Amino acid sequence: MIKESVFKSFDNKAALETQLADRIANQLQEAVDARGKASLVVSGGSTPLKLFELLSKKAIDWNDVYITLADERWVDNDHSDSNERLVRNNLLQNRAASAKFCGLKNMYSSPYEGQIMTTEQLTHFPKPFDVVVLGMGNDGHTCSWFPCADAKELEHALTSDDLCVAVTPGNAPHARISLSKAGILASRQIYLHIVGEQKLDVYRQALADNDSSEMPIRAVLDQHKTPVDVYWSA
Ligand SMILES: O=C(O)[C@H](O)[C@@H](O)[C@H](O)[C@H](O)COP(=O)(O)O
């Protein structure tokens with residue numbers, strides 16, 4: 001059994017989103033005040049959409065905030081499955097429109113060919129990342145670390161020192177590029193944002209499980225390098 005992360009439960013999604021948006025905004029502003037700039041890594045999916053909207057309206061120095069993705073489907077940025085498109089439409093709006101966004105997709109035909117360029121594009125990013133927001137699938141994946149992906153690719157994502165890795169999920173569309181475990185843990189604060197009873201069960205299984213290949217979220221939970229706060233609501 002691993003040391004449980006900080007777990008905060010909320011009566012409803014709105015209460016969670018309000019508090020998490022406030023906390024992230026404060027941490028980003030503190031980073032700008034202390035170091036002149038801040039970095040934020042966000043995930044795709046449906047869970048963070050309202051959080052992104054609330055964040056986008058926060059009165060912080062967004063022009064000093066650098067934003068990138070935890071992972072990206074290797075599709076054009078106008079594709080409906082693009083995480084960059086989702087972030088541009090939901091987070092890079094309102095006051096946050098002035099943030100400096102760097103996506104993970106480039107002109108190479110696959111993430112396997114494009115990952116070096118992606119890594120180079122993130123070289124100038126403020127590191128360690130100040131805030132990382134992760135989601136989780138019902139299969140225990142996070143980022144694009146899928147339990148059903150090729151075992152070698154998943155192991156590489158969880159053991160490589162590279163910032164980015166290319167992954168072909170077993171049962172999710174599109175080849176993807178993802179930050180590696182090393183990349184995600186090179187941060188000051190990780191939030192795991194999950195909603196619903198099923199994901200609560202998955203989270204609890206991950207705490208009890210002893211194999212990250214079965215529950216990749218465990219790679220984030222079973223470590224003591226970077227603080228992980230889990231925000232959950234029904
Ligand atoms: O590219 C992605 O899809 C995300 O990075 C992925 O890791 C997401 O966070 C989970 O799949 C949860 O997605 P939901 O919030 O839609 O459940």
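Values below: all heavy atoms of this structure, side chains included; hydrogens, waters and symmetry mates excluded. Each ligand, and each atom within it, is numbered from 1 in the order the structure gives. Since we're looking at a predicted model, the values are computed, not measured.
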Quiz item: Hey, mind stepping through Thr168 and Asp150 against side-chain hydrogen bond (donor to acceptor under 3.5 Å, both in side chains) and telling me if it holds?
Solution: CA-CA 7 Å; Thr168 301; Asp150 173 88; over 6 Å; no
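Of all the atoms in ligand 1, the ones that sit under 4.0 Å from a non-hydrogen atom of Arg73 are 1 (O), 2 (C), 3 (O). Of all atoms in ligand 1, listed by their number and element, those nearer than 4.0 Å to a heavy atom of Gly135 are 9 (O).
Any N or O atom pair closer than 3.5 Å counts here, and Ser43 shares no such pair with ligand 1. In terms of polar-atom proximity, defined here as any N/O pair under 3.5 Å, Asn83 does make such a contact with ligand 1. Of the N or O atoms in His141, one or more lie within a sub-3.5 Å distance of an N or O in ligand 1.
The minimum heavy-atom distance between Ala25 and Lys58, with the atom names listed, is CB-CG, 3.7 Å. The shortest heavy-atom contact between Met215 and Asp209 is CG-OD2, 3.2 Å.
Of the protein's non-hydrogen atoms, the one nearest atom 5 (O) of ligand 1 is Asp71 OD1, 2.6 Å. Nearest non-hydrogen protein atom to atom 8 (C) of ligand 1 is Gly44 O, 4.0 Å. The protein atom (non-hydrogen) at minimum distance from atom 13 (O) of ligand 1 is Gly45 CA, 3.8 Å.
Heavy atoms of Cys143 approach ligand 1 to within less than 4.0 angstrom. A heavy-atom separation below 4.0 Å is found between Lys199 and ligand 1.
Distance check, rounded to the nearest 0.5 Å: OG1 of Thr142 to CG of Asp71 gives 8.0 Å.
Between Tyr231 and Phe10, the ring planes are parallel. Angles under 30° get that label, and only those over 60° would be called perpendicular.
The ring pair (Phe, Tyr, Trp, His ring centres under 6.0 Å) analysis of residues 125-152, with sequence neighbours excluded, yields the pairs Tyr66-Phe125, His141-Phe146.
Heavy atoms from both the backbone and the side chain of Thr47 come within less than 4.0 Å of ligand 1.
The side-chain hydrogen bond (donor to acceptor under 3.5 Å, both in side chains) check on Ser233 picks up nothing, with sequence neighbours excluded.
In summary, Asp61 and Lys37 do not engage in a salt bridge, as defined by a charged side-chain N under 4.0 Å from a carboxylate O.
Among His193, His174, Arg176, Met136, the residue whose heavy atom lies closest to atom 12 (C) of ligand 1 is Met136.
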